[in-house]
2 protein chains.
Amino acid sequence: MNTYDQIIQLALERGFYFPSSELYADASAGFWEYGPNGVKIKNKFLDLWRRELVRRDNMIEIDGSQIMSKSVFAASGHLSNFTDPVVKCKKCASSFRADKLVQEVANIDVPERMANESVDKLIKEYNISCPLCKGELSNAERFNMMFKVEIGPNHDEAYLRPETCQSIFVDFSRIFKVSRGKLPLGIAQVGKSFRNEISPRQGLLRLREFYQAEIEVFCNPSKLDDLNKFDGIKNTILRFYDDRIIEISVEEALHKQIIPNKLVGYYLALLVEFFERTGIDKKRTRLRKLSDEEKAFYSTVAFDFEVDTSIGWLELVACNYRSDYDLKSHSTISKTNLEVMDDEVKVLPHIFELSLGVDRCIYSIMEHSYFIDRENDDRSVLKLKPYLSPIHAGVLPLLKKPGFKEKSSKLLAQIQKDFDVFYDEAGSIGRRYRRLEEIGTPFAFTIDHQTLEDDTVTVRYRDSMKQERIKIDDANSFLFTNVFTYENK
Amino acid sequence: MNTYDQIIQLALERGFYFPSSELYADASAGFWEYGPNGVKIKNKFLDLWRRELVRRDNMIEIDGSQIMSKSVFAASGHLSNFTDPVVKCKKCASSFRADKLVQEVANIDVPERMANESVDKLIKEYNISCPLCKGELSNAERFNMMFKVEIGPNHDEAYLRPETCQSIFVDFSRIFKVSRGKLPLGIAQVGKSFRNEISPRQGLLRLREFYQAEIEVFCNPSKLDDLNKFDGIKNTILRFYDDRIIEISVEEALHKQIIPNKLVGYYLALLVEFFERTGIDKKRTRLRKLSDEEKAFYSTVAFDFEVDTSIGWLELVACNYRSDYDLKSHSTISKTNLEVMDDEVKVLPHIFELSLGVDRCIYSIMEHSYFIDRENDDRSVLKLKPYLSPIHAGVLPLLKKPGFKEKSSKLLAQIQKDFDVFYDEAGSIGRRYRRLEEIGTPFAFTIDHQTLEDDTVTVRYRDSMKQERIKIDDANSFLFTNVFTYENK
């Protein structure tokens with residue numbers, strides 16, 4: 001079994017994530033749920049993102065509606081541009097995403113956003129038929145990937161947002177004013193986005209409903225190199241990819257024009273430093289500059305932050321310099337002036353964006369933390385950072401006897417409001433350790449005979465498997481000190 | 001201006017919440033955004049809910065898809081039952097929610113879920129015409145309040161969930177198994193739900209897209225009075241309403257049969273203790289037992305947790321004993337046995353639910369915290385609990401001079417990753433204090449002349465306006481101790 005399948009199995013069996021509506025045959029692909037362990041790692045990942053990006057840079061955060069009016073997507077370009085080509089089998093009526101079908105059957109690289117005519121030509125050229133029944137395929141048609149909804153008894157047309165950033169663009173004017181903002185200003189948002197994919201992939205990697213954590217930095221285009229805070233990160237090492245990996249400081253990357261300006265360099269550095277704290281192996285990440293063909297329609301310079309996984313390189317964050325594309329469109333369509341004052345000059349801000357796919361990050365963190373300990377009974381361990389672990393500590397009475405239960409309850413009551421704990425009295429102590437390690441629990445407290453005498457418990461460390469004794473009274477401060485340790489040592 | 005309007009004004013001007021898509025004329029009513037201060041209070045409220053309910057009771061939490069398949073809502077009853085009566089004007093084609101229209105025009109109480117025929121009769125009886133153009137109204141028709149979406153190129157029918165709990169019911173079987181659950185087991189979820197209201201009210205009180213924080217307690221119906229943990233809350237005072245307020249301990253309420261069993265009493269007590277920590281005035285809350293007419297179709301016993309506001313009593317939490325309605329329906333329609341083992345006996349669990357409307361809670365907390373200080377220049381203060389305040393502390397240099405700026409930056413860098421801080425150097429120090437108080441900031445650090453000499457700052461307390469000096473080095477521990485103090489003193 002490859003690592004991807006092992007992670008999926010762990011996810012299903014230990015409640016990280018699993019398919020939605022799975023009781024029912026009409027459940028659609030591309031919808032997944034976070035189970036008990038998944039919710040916790042996801043929420044803690046977002047807390048870390050807030051800590052290391054939003055609060056560190058004094059950004060502000062909003063939380064907007066997922067349903068937005070039609071005009072928003074007329075302005076954003078999604079109504080006309082956010083489409084994929086689809087072909088239908090004339091015999092069995094099955095539908096397929098045409099460019100992906102060509103890519104798989106002909107085994108050639110097909111760029112994103114290919115026009116219908118080019119797809120049709122390739123289908124003829126490679127003589128591609130229906131993969132299910134070998135029937136003839138129709139010509140390609142455009143399929144808009146937004147979900148439409150109708151509002152109220154008059155059926156007003158609206159859409160589920162395909163990216164969270166549109167809320168930020170539409171709200172920018174009010175937010176800038178009420179928060180007494182100054183450029184550059186980062187506005188962040190975590191929330192669901194929706195894309196009606198023709199053929200969603202398995203698991204958390206290509207979903208129809210998914211979490212984004214987006215940051216839109218509004219900036220004055222004439223001041224992209226006027227940034228004092230650049231000095232704080234200029235020595236941070238970035239890994240760029242272009243045929244091969246180049247490890248280089250932000251400052252050098254600026255001199256060599258790998259990055260266009262200080263502002264882009266600063267935020268790429270913050271992003272990379274954030275990921276160093278997620279437990280993803282830095283040596284298996286890269287920043288890849290996109291070619292003109294690969295870039296989205298609104299982007300002038302774009303880097304993908306990618307991570308190496310068992311199923312190839314995954315894009316975790318799209319870093320797009322969107323220029324004034326968004327504010328200009330919204331300004332035109334809404335007939336509203338969206339300029340703001342920057343040092344007594346009116347300016348329509350440009351936008352640099354860090355658009356992060358949360359679900360893919362969770363998958364990648366799990367895969368990079370997954371470890372089979374060949375020296376210790378092939379135990380399976382998720383070596384998660386303690387602050388990302390679904391459960392911070394196990395509470396394990398050695399025996400199912402009254403005294404043990406009481407001490408366990410005392411310890412539980414003392415720590416469970418502030419930490420995520422799991423009480424387990426079933427099975428041998430060894431099996432209980434294994435179950436905790438498998439989901440990444442960094443610490444296990446065991447209540448044993450000595451506990452009854454002196455109110456101490458053993459703490460067992462997940463990675464080293466070493467044990468030491470601490471007082472029950474010190475459990476909170478032990479956890480506080482050992483869980484919330486963010487700096488790399 | 002009444003308090004409701006004052007809160008709305010504060011919300012709009014200080015970035016708590018505001019209408020969605022407001023740049024555009026086709027924005028629909030019933031969609032609102034959380035701004036910078038709103039997101040923070042909302043997220044902190046949910047953290048408190050997790051602390052005082054989910055973790056305290058060792059519940060588990062999931063996070064499910066918002067789009068769910070049609071079968072889910074066939075089983076839940078929403079496809080056939082989740083409707084409101086709508087009438088259309090034959091002249092101007094405007095639509096109205098018929099029962100609410102009758103209620104307002106005739107000024108009579110109209111129960112929820114009234115049948116079309118009864119509504120039609122009342123419209124004739126009170127001679128009600130179109131409130132806009134006086135045109136004749138059509139007969140009432142049912143309007144389903146779910147938003148439909150179509151999935152994939154074959155347009156498979158699915159719906160945005162009208163309540164988060166359906167995810168929990170559908171997932172119950174897997175969750176119970178993978179978490180090695182035991183009855184009673186609380187499963188919690190925070191997320192968006194969607195209701196296509198015919199006439200949404202203003203602000204956060206009746207939204208088409210809204211946040212729920214739901215807890216579904218799965219229990220063995222033959223063991224509702226077999227609950228050891230009941231002893232821990234038996235002396236908690238509950239306030240029941242039935243013509244008049246009765247203040248009574250949970251234990252007494254059980255003896256007097258105001259509550260049907262220990263399980264219901266235990267969770268009502270947890271809920272009430274949670275709300276005591278939100279800053280909502282307990283004397284302005286009540287638990288109201290619903291009559292048979294008021295209850296939802298799935299509920300056998302129901303209490304509403306209500307709060308007194310300037311616009312009347314608001315339902316914040318619906319506490320429904322749903323019996324086996326949900327699991328039985330899902331079991332039947334999905335042809336899956338959803339029974340689980342409880343002490344070697346197979347049982348189809350019953351469900352007691354605490355369904356909390358997050359947005360209404362945020363509004364209520366703001367209103368109950370809003371205070372005009374008549375003794376001090378009529379300053380406007382949000383007396384939020386420190387752990388719910390959007391901003392924990394202000395950082396205010398007394399003067400705009402180099403030394404002050406450096407010390408401020410040092411303090412900021414030291415605290416801003418762990419706490420929400422706001423740096424403000426604009427205007428007089430008095431105005432800066434006012435701006436912080438108005439959004440509930442409990443502490444303000446001022447960098448003054450003495451700071452340059454001895455690295456101390458003043459801390460000003462929002463409520464008492466008293467000041468004291470602390471070392472900059474102690475700011476983190478000061479905030480940690482003073483922000484995260486949950487117990488009532």
Side-chain angles (χ1 to χ4, degrees), chain A residues 13-15 18 20-24 26-28 31-36 39 42 51 55-56 58 60-72 86 95 143 147 149 151-154 156 158 160 167 170-171 174-175 178-180 192 196 198 208-209 330 334 336 416-417 420 423 426, chain B residues 13-15 18 20-24 26-28 31-36 39 42 51 55-56 58 60-72 86 95 143 147 149 151-154 156 158 160 167 170-171 174-175 178-180 192 196 198 208-209 330 334 336 416-417 420 423 426:
Chain A
E13 288 178 1
R14 299 307 310 275
F18 50 87
S20 177
S21 303
E22 60 179 339
L23 282 186
Y24 293 103
D26 66 343
S28 296
F31 297 94
W32 285 65
E33 324 262 291
Y34 284 104
V39 171
K42 189 253 296 169
R51 175 188 164 84
R55 286 207 297 268
R56 177 176 177 190
N58 271 314
I60 57 187
E61 186 181 340
I62 67 158
D63 183 1
S65 280
Q66 298 170 6
I67 294 177
M68 300 181 81
S69 69
K70 185 180 177 182
S71 297
V72 172
V86 62
S95 297
F143 178 77
F147 288 104
V149 292
I151 298 177
N154 297 323
D156 298 327
L160 286 165
S167 310
V170 173
D171 294 346
R174 177 185 287 272
I175 299 167
V178 301
S179 63
R180 297 159 59 233
K192 287 260 174 104
N196 198 358
I198 297 167
R208 283 171 163 152
E209 175 180 336
H330 283 297
S334 71
T336 312
Q416 74 183 3
K417 277 193 180 182
D420 289 304
Y423 175 79
Chain B
E13 288 177 1
R14 299 307 309 276
F18 51 85
S20 176
S21 302
E22 60 179 340
L23 281 186
Y24 292 103
D26 66 343
S28 297
F31 297 94
W32 285 66
E33 324 263 290
Y34 283 106
V39 171
K42 189 253 296 169
R51 175 188 165 84
R55 286 207 297 265
R56 178 176 175 188
N58 271 315
I60 56 185
E61 186 181 340
I62 66 157
D63 184 1
S65 280
Q66 299 170 6
I67 294 176
M68 300 181 80
S69 71
K70 185 180 177 181
S71 298
V72 172
V86 63
S95 296
F143 178 76
F147 287 102
V149 292
I151 298 177
N154 297 324
D156 298 328
L160 285 164
S167 311
V170 173
D171 294 346
R174 177 185 284 273
I175 298 167
V178 301
S179 63
R180 297 160 57 232
K192 286 260 173 102
N196 199 359
I198 297 166
R208 283 170 163 153
E209 174 178 336
H330 283 298
S334 71
T336 313
Q416 72 182 3
K417 277 193 181 182
D420 289 304
Y423 175 79

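Note: hydrogens, waters and symmetry copies are ignored here, and every other heavy atom, side chains too, is used.
Both the backbone and the side chain of A:S21 come within less than 4.5 Å of a heavy atom of chain B. When heavy atoms are compared at a cutoff of 4.5 Å, B:N196 approaches chain A solely by way of its side chain, counted from C-beta outward. Interface remark: B:I175 contributes side-chain atoms only to the contact with chain A (heavy atom separation under 4.5 Å). Both the backbone and the side chain of B:V170 come within less than 4.5 Å of a heavy atom of chain A. For B:S71, the parts lying near chain A are the backbone and the side chain together; criterion is any non-hydrogen pair under 4.5 Å. When heavy atoms are compared at a cutoff of 4.5 Å, B:E13 approaches chain A solely by way of its backbone atoms N, CA, C and O. With a 4.5 angstrom heavy-atom cutoff, A:E22 touches chain B via backbone and side-chain atoms both.
In plain terms, the two heavy atoms of A:Q66 and B:Q66 that are nearest each other are OE1-OE1, 2.5 Å. Residues A:V39 and B:E61 share a closest heavy-atom pair of CG2-O, 3.5 Å.
Counting heavy-atom pairs closer than 4.5 Å to chain B, the top residue among A:S179, A:A426, A:G15, A:P36 is A:P36. With chain A as the partner, the residue from B:D171, B:I198, B:V149 showing the most heavy-atom pairs under 4.5 Å is B:D171. Ranked by heavy-atom pairs shorter than 4.5 Å toward chain B, the options A:I60, A:T336, A:I151, A:V72 are led by A:I151. Considering only heavy-atom pairs separated by less than 4.5 Å from chain B, the leading option among A:I62, A:N58, A:I67 is A:I67. The candidate from A:R208, A:R174, A:H330 with the greatest count of non-hydrogen atom pairs under 4.5 Å with chain B is A:R174.
Shown here are the side-chain contact (heavy atoms from CB on, under 4.5 Å) partners of A:S20, two or more places apart in sequence or in another chain: A:F31, A:E33, B:S65. A:S95 is linked by a side-chain contact (heavy atoms from CB on, under 4.5 Å) to A:V86, A:K88, B:P153, B:N154, counting only residues two or more places apart in sequence or in another chain.
Counting heavy atoms of neighbouring residues, nucleotides and ligands inside a 6.0 Å radius, atom NZ of B:K70 does not exceed 12 of them.
Taken from NZ in A:K417 to CZ in B:R55, the straight-line distance is 10.0 Å, to the nearest 0.5 Å.
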